[in-house]
Each structure stands twice: as C-alpha cells, then as structure tokens.
Amino acid sequence: MQRYFINQNADESQRFFITNKEDIHHIKNVMRHSEGQLIVITFNDQNVYTCKIIHLADQEVEVELIEKQDIDTELPQHITICSGLIKADKYEWMIQKATELGASGFIAVEMQRSIVKLNHTKVSKKLERWQKIIKEAAEQSYRLTIPHISYLSNSKSICDIINQYDYVLVAYEEEAKHGEISHFKHMLKQFKPQDRVLLIFGPEGGLSDEEVSMLKSHSQLVGLGPRILRAETAPLYTLGALSYEKELMG
C-alpha cells in the first residue's frame, strides 16, 4: 500500500484529512484510489496506521484509522549529513539514497572548493525541490520521519552548530590515503541510541586545508576505508557502515 505523511499526532477517535496538493494528486490521479480503499499513513508522533479513504475531494482526502502497524524503520542514532555543494544531479541522488539509508537531516554547505555556487535568490527554490525529493524517498522507504534539509552559505557557519551534536566526524581523504581505518570503526562503537551525530563531507574537490584546520578542534577526522570515494558516495558508505554496526550487528 502507498504511504503518506500527516503532520498531526494519531488519534483513533477521529478522522483525518490529507491536504497536501501533491499527495492528493498522487492518490486521485496516479494511484487512482477511490473511496473505501486503503492507504498507509505515518503520523507526526511516528505512529503508523492502515487507513481507509472515506471521501475524495479536490482540496482534501478524508481518512479514518483502521489498524495500527508496529514498525520501526529509523536508525538508532540521529544522523545529519553535512556536505559541500556538488553538481545538482549528484546531490539530488545522494540525498534520495541517504534518506533511504536512514539519514535524519541534511545541511548543504557552499564550501571553499565547491564548484557549484548557489545564487542566493534561488536558495529557497532549491531547498523546496530537495525537500520534495527527500519526502518522496521517505515515503518509498517506509521512514517514520521526513528528514529536513537546510543551507549554509559558507563552511565557517558549521562551527556555529557543532555544539548541537554529541559526535562530529569529518570524512577526510588524507586519512584514507594513509590507510587509517580503525578510528572510524572505534567511533561507531561509541555511538549510543538517540545520539545526535554530525557527519561532514567535502565537495568534489574535497575539504580545503583551512576548513580541515578549522574543523579539527571541534571534531574527529576519520578515514573511510582504503579507497577514495566520490563526494556523493562517501555519505552513503558511512550510513551503510553505521547501519551494519548498530542494526545488523546489534
């Protein structure tokens, strides 16, 4: 069954309304659902219910809760991917796949070596597009939350938010070039459930020496194995390793 999000807490005693225009279009025109058919809704409190469509209209879809589903699809830790801006198609692919792999949030940063530069008049439009991609990926992968994405116009702003996290890891290719792999594994083992973790990645050209020096005193520099990964691949590798360590290995 197709899944949708509602930004309200679940309550079995009342009916709910889907008012998002894109969701309404998807229900009526893409899935061609009719009254009486079932869909799955994830609520703001992360409760998931099978719901019946009671009424279809142009401005809203009315549903009633039928049965609660007992699922947990979130990573044990809250992982935010902070990465330098890269080419549009690669960045969009990365946030889509990282959402599927369990990322809790994204921060797009215009770093010193970023080839892509965002015109500040277009930031809101870009964020809107990225958020849509994330929402669709969250629905597809049965996530319980929709990750949020924000934008920083320079890497120095990262230091202003670092104290919000329990751990901050910087993926640094020089560490990988020198064969350092144990530190990343050691850090993963330290993470506890509900820890907030910030993972920082450079753009195509990598982090500059100035950025590494700036971040070093606030974070842990880690290598991601013996191979040098592309800017869009490194976050996915990290999430995969985290999932293996904390979910599959327990």
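Please read these numbers as outputs of a predicted model, since none were measured by experiment.
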Colleague: Any heavy-atom pair between the side chains of Phe191 and Leu169 that's under 4.5 Å?
Modeller: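 Side chain of Leu169 against side chain of Phe191, heavy atoms only: contact under 4.5 Å found.
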Colleague: Is it true that Asp166 and Lys192 have a side-chain N and a carboxylate O under 4.0 angstrom from each other?
Modeller: no
Colleague: Can you find a heavy atom in the side chain of Lys126 that is under 4.5 Å from one in the side chain of Leu118?
Modeller: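 They are in side-chain contact.
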Colleague: Can you confirm whether the side chains of His26 and Tyr4 place a donor and an acceptor under 3.5 Å from each other?
Modeller: yes
Colleague: Taking salt bridge (charged side-chain N to carboxylate O under 4.0 Å, His left out) as the definition, give me every residue that meets it alongside Glu139, ordered by chain and number, with sequence neighbours left out.
Modeller: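 For Glu139, the residues satisfying salt bridge (charged side-chain N to carboxylate O under 4.0 Å, His left out) (neighbours in sequence not counted) are Lys135.
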Colleague: Hey, does Leu56 have a side-chain heavy atom less than 4.5 Å from the side chain of Ile53?
Modeller: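 Of all side-chain heavy-atom pairs linking Leu56 with Ile53, at least one is under 4.5 Å.
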Colleague: Got a sec: does the NZ of Lys28 have more than 12 other heavy atoms crowding it under 6.0 Å?
Modeller: yes
Colleague: Assess the residue pair Glu173 and Leu224 against the criterion (side chain to side chain contact (heavy atoms under 4.5 Å, CB included)); give the C-alpha distance rounded to whole Å, side-chain angles, the decisive distance to 0.1 Å, and a yes or no.
Modeller: CA-CA 8 Å; Glu173 63 181 23; Leu224 303 180; over 6 Å; no
Colleague: Search all heavy atoms of Phe184 against all heavy atoms of Ala241 and return the closest pair with its distance.
Modeller: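 Of all heavy-atom pairs spanning Phe184 and Ala241, the closest is CE2-CB, 3.9 Å.
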Colleague: Might you point out which heavy atoms bring Arg113 and Gly205 nearest each other, and give the distance in Å?
Modeller: NH1-O, 3.1 Å
Colleague: Decide salt bridge (charged side-chain N to carboxylate O under 4.0 Å, His left out) for Glu100 and Lys97; before the verdict, give the C-alpha distance in whole Å, the side-chain angles of both, and the deciding distance to 0.1 Å.
Modeller: CA-CA 5 Å; Glu100 294 175 21; Lys97 301 309 175 189; 3.5 Å; yes
Colleague: Begin with the C-alpha distance, continue with both residues' side-chain angles, and end with the deciding distance and a verdict on salt bridge (charged side-chain N to carboxylate O under 4.0 Å, His left out) for Lys87 and Glu204.
Modeller: CA-CA 9 Å; Lys87 294 177 182 177; Glu204 286 100 339; 5.4 Å; no
Colleague: Between CZ of Phe106 and CG of Leu127, what distance do you get to the nearest 0.5 Å?
Modeller: 13.0 Å
Colleague: Would one find more than 12 heavy atoms of other residues, nucleotides or ligands at under 6.0 Å from atom NZ of Lys216?
Modeller: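 Atom NZ in Lys216 is not packed in, count stays at 12 or less.
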Colleague: Check the pair Gln131 / Glu128 against side chain to side chain contact (heavy atoms under 4.5 Å, CB included), numbers first and verdict last.
Modeller: CA-CA 5 Å; Gln131 195 65 63; Glu128 184 179 336; 5.9 Å; no
Colleague: Do Thr50 and Gln69 have a side chain donor and acceptor closer than 3.5 Å?
Modeller: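 Gln69 and Thr50 do have a side-chain donor-acceptor pair below 3.5 Å.
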Colleague: Would you say Gln59 has more than 12 foreign heavy atoms packed within less than 6.0 Å of its CD?
Modeller: no
Colleague: Any side-chain heavy atom of Leu85 within less than 4.5 Å of one from Val109?
Modeller: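 Leu85 vs Val109: side chains apart.
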Colleague: Any ion pair linking Arg129 and Glu92 (charged N to carboxylate O, less than 4.0 Å)?
Modeller: yes
Colleague: As a test of understanding, state which of Glu35, Glu64, Glu60, Glu62 forms a side-chain hydrogen bond (donor to acceptor under 3.5 Å, both in side chains) with His55.
Modeller: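 Of the listed residues Glu35, Glu64, Glu60, Glu62, the side-chain hydrogen bond (donor to acceptor under 3.5 Å, both in side chains) partner of His55 is Glu35.
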Colleague: Test side chain to side chain contact (heavy atoms under 4.5 Å, CB included) on His25 and Val30; report intermediate values, then the result.
Modeller: CA-CA 7 Å; His25 170 77; Val30 178; 4.0 Å; yes
Colleague: Would you say the ring centers of Phe43 and Phe16 fall short of 6.0 Å from each other?
Modeller: yes
Colleague: Hey, does Ile86 have a side-chain heavy atom less than 4.5 Å from the side chain of Glu232?
Modeller: yes
Colleague: Any luck finding a side-chain donor-acceptor pair between Glu247 and Ser243 under 3.5 Å?
Modeller: yes
Colleague: Could you report the tightest heavy-atom contact between Ile134 and Ile149, atom names first, then the distance?
Modeller: CD1-CB, 3.8 Å
Colleague: Would a line drawn from the ring center of Trp130 to the ring center of Tyr91 be shorter than 6.0 Å?
Modeller: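 Here the rings of Tyr91 and Trp130 have centres that are less than 6.0 Å from each other.
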Colleague: So with a 6.0 Å cut-off around NZ of Lys117, is the heavy-atom count from everything else above 12?
Modeller: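 It does: Lys117 NZ has more than 12 such atoms within range.
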Colleague: Counting C-beta onward and ignoring hydrogens, is there a side-chain heavy-atom pair between Ile81 and Ile200 closer than 4.5 Å?
Modeller: no
Colleague: Any side-chain heavy atom of Lys156 within less than 4.5 Å of one from Met214?
Modeller: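 The answer is yes, as the side chains (C-beta and beyond) meet within the 4.5 Å cut-off.
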Colleague: In sequence, state the C-alpha distance, the side-chain angles, and the governing distance for Gln194 and Gln77, and then conclude on side chain to side chain contact (heavy atoms under 4.5 Å, CB included).
Modeller: CA-CA 5 Å; Gln194 303 307 315; Gln77 289 75 34; over 6 Å; no
Colleague: Determine whether a donor-acceptor pair (N or O, by modelled atom type, separation under 3.5 Å) exists between the side chain of Thr73 and the backbone of Tyr142.
Modeller: yes
Colleague: If you count heavy atoms of other groups shown closer than 6.0 angstrom to CD of Glu67, is the number above 12?
Modeller: no
Colleague: Which heavy atom in Cys82 sits nearest to a heavy atom in Leu198, and how many Å separate them?
Modeller: CB-CD1, 3.7 Å
Colleague: Has Ser219 got a side-chain atom pairing as donor or acceptor with Leu215's backbone, closer than 3.5 angstrom?
Modeller: yes
Colleague: To check you understand the geometry: which heavy-atom pair defines the closest contact between Thr145 and Gln46, and what is its length?
Modeller: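 Residues Thr145 and Gln46, closest heavy atoms: CG2-NE2, 3.0 Å.
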Colleague: Any side-chain heavy atom of Ile107 within less than 4.5 Å of one from Tyr151?
Modeller: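 SC-SC contact between Ile107 and Tyr151 ruled out.
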Colleague: Under a 4.0 Å N-O cut-off, is there an ion pair linking Lys132 with Glu22?
Modeller: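 Yes, charged N to carboxylate O under 4.0 Å.
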Colleague: For the backbone of Ile79 and the side chain of Arg196, can you confirm whether one donor and one acceptor N or O come within less than 3.5 Å of each other?
Modeller: no
Colleague: With distance as the sole criterion, is a donor-acceptor pair present between the side chains of Ser157 and Asn154 under 3.5 Å?
Modeller: yes
Colleague: Between Ser213 and Asp209 (side chain of the first, backbone of the second, donor and acceptor by atom type, cut-off under 3.5 Å), is there such a pair?
Modeller: no
Colleague: Please report the closest heavy-atom contact between Tyr49 and Glu12, naming both atoms and the distance.
Modeller: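 Looking at all heavy atoms of both residues, the shortest contact is OH-OE2, 2.7 Å.
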Colleague: Between Glu211 and Ser208, is there a donor-acceptor pair closer than 3.5 Å when you use the side chain of the first and the backbone of the second?
Modeller: yes
